[in-house]
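Here's the structure we're looking at; comments come further down.
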2 protein chains.
Amino acid sequence: MAVSARRGEPLTLEEISSTALRLMDEGGVEGLSMRKLAAELDVNPMSLYHHVESKEALLRLVCHGAAERMHLPPDDGASWQDQLRALALTYHRHAREHPALWTYVHNHPEIVSDRRMRLWQVLYRILRLAGVPEAELCRTGDVLHAFVSGLVLFETQGHITDDPEEIDRTFDTAVNLIVRGLEGSR
Amino acid sequence: MAVSARRGEPLTLEEISSTALRLMDEGGVEGLSMRKLAAELDVNPMSLYHHVESKEALLRLVCHGAAERMHLPPDDGASWQDQLRALALTYHRHAREHPALWTYVHNHPEIVSDRRMRLWQVLYRILRLAGVPEAELCRTGDVLHAFVSGLVLFETQGHITDDPEEIDRTFDTAVNLIVRGLEGSR
DNA sequence: ACCTGAACACCGTTCAAGT
DNA sequence: ACCTGAACACCGTTCAAGT
């Protein structure tokens, strides 16, 4: 088994993925390139292709990893309104911690639309609690996710403002609008 | 005045901008590069820089042009609900005609957040009609636009579905949710 | 098995030179 | 005033070769 000439140990997927995420956090979407990542790992650019099929596959990996690590609120018996608020807040906070990653996610909806993601199970449970009919569950879930995506996209691009208090107010306005919209549909 | 060796007439901004839009319509965001655009115009890549400062400036130009050409519904005295629906429909339709352009717009919110855009004037008028207090106008407008952005982004990336009937249903679900959310806030 | 260097086909953009 | 070619500093990725 041959290892890198420059470093002592073989690469791991975990190492590749976490370094990629760090580069995105630091330098935005354009902060991550296969070549910069390789340099950061002190490795030849082409070595990466032994662990990952393409840049796209790498980004999928990073996104799925981050989504798995997102700790979703459990069913605590609270009202669906409060649970929906809590879920939105979790998502929102995670997105603001990794803005470049989530910008990528929201531009590649096939990643987040993977229905195996726990996010959807939690959202559907809350929507059922809210009285959304079974036949409308998927569509309503899509719409809500699209809404939150749009909001996150706006914020992470620094459009709305940088003032954290203002961000919270905007977030509240958005979530309240959604909650009232759902209440009105019963 | 020297003109292109390859073509008889000097370039115009209009020609550059409309060709760029066509390339985006045909080949997505990555379908437009300065080099491909130049080839399409039968001109040296560097000639473009005489008319446009950078690729970013070119895209701004294309976006603003497209936004100006979008024909917004006039105040026809209908209920704010119907007027909001009509506005959303116009925006939605335009976005679906130029998906790559609007994907770019939604990822560069500084473009659409330009408050000189007529879109905002129309939206604010409708929101006032809906009874949104003056102090909340800007925030509510941002939230609504973020919502629609997210929806459009999802759709144009082919996430939700390609079935036009399903798209319309999803759009209706979204707009109804927003309208009810606004009604509930009065 | 894992890593590497050279190479290919692309980018956006600068700069000095042409007419 | 407008256009051009060569060049620079980047990309992602293929491929044949090394250990």
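Proteins get letters first, then strands, A, B, ... in listed order; numbering begins at 1 in each.
Separating the NE2 atom of B/His51 from the C1' atom of D/dA1 is a distance of 10 Å, rounded to the nearest angstrom. Straight-line distance from the NZ atom of A/Lys55 to the C1' atom of C/dC10: 14 Å, rounded to whole Å. Rounding to whole angstrom units, CG of residue B/Asp42 and C1' of D/dT4 are separated by 14 Å. In this structure, A/Leu58 atom CG and D/dC11 atom P are separated by 14 Å, rounded to whole Å. Distance, B/Glu30 CD to C/dC10 P: 14 Å, rounded to whole Å. Taking atom OH on B/Tyr49 and atom P on D/dG5, their separation rounds to 16 Å, with Å as the unit. Straight-line distance from the CG atom of A/Asn44 to the C1' atom of C/dA7: 13 Å, rounded to whole Å. Going from atom CG of A/Leu41 over to atom P of C/dC3 covers 11 Å, rounded to whole Å.
Of the possible polar contacts, none joining the B/Lys36 side chain to the B/Leu23 backbone as a donor-acceptor pair under 3.5 Å is found. Judged by distance alone, with hydrogens and angles left aside, the side-chain atoms of B/Trp120 form a donor-acceptor pair with the main-chain N or O of B/Val112 at under 3.5 Å.
Distances shorter than 4.0 Å separate none of the side-chain N or O atoms of A/Lys36 from OP1 or OP2 on D/dC10. For C/dG12, one of the phosphate oxygens OP1 or OP2 lies less than 4.0 angstrom from a side-chain nitrogen or oxygen of B/Ser33.
Distances from the side chain of A/His50 to the nucleotides C/dC11, C/dC2, D/dG12 place C/dC2 closest. Comparing C/dG12, C/dC3, D/dT14 against the side chain of A/Met46 picks out D/dT14 as the nearest.
Across all strands shown, C/dA6 is found opposite D/dT14 as a Watson-Crick or G-U wobble partner, with both distances under 3.5 Å. Across all strands shown, D/dA1 forms a Watson-Crick or G-U wobble pair with C/dT19, both key distances being under 3.5 Å.
A/Ser149 and A/His106 make their closest contact through OG-CD2, 3.1 Å (heavy atoms, listed as atom of the first residue, atom of the second, distance). Of all non-hydrogen atoms in B/Ser47 and B/His51, the two that sit nearest each other are O-CD2, 3.4 Å.
A/Met34 comes within 4.0 angstrom of the backbone, heavy atoms only, and of no base. Base contact: B/Ser47 has a heavy atom under 4.0 Å from a base atom.
To the nearest 0.5 angstrom, B/Leu119 atom CG is 6.0 Å from B/His145 atom NE2.
Across the interface with DNA chain D, nearest-nucleotide mapping of A/Glu56 and B/Arg35 shows B/Arg35 to be the residue nearer the 5′ end.
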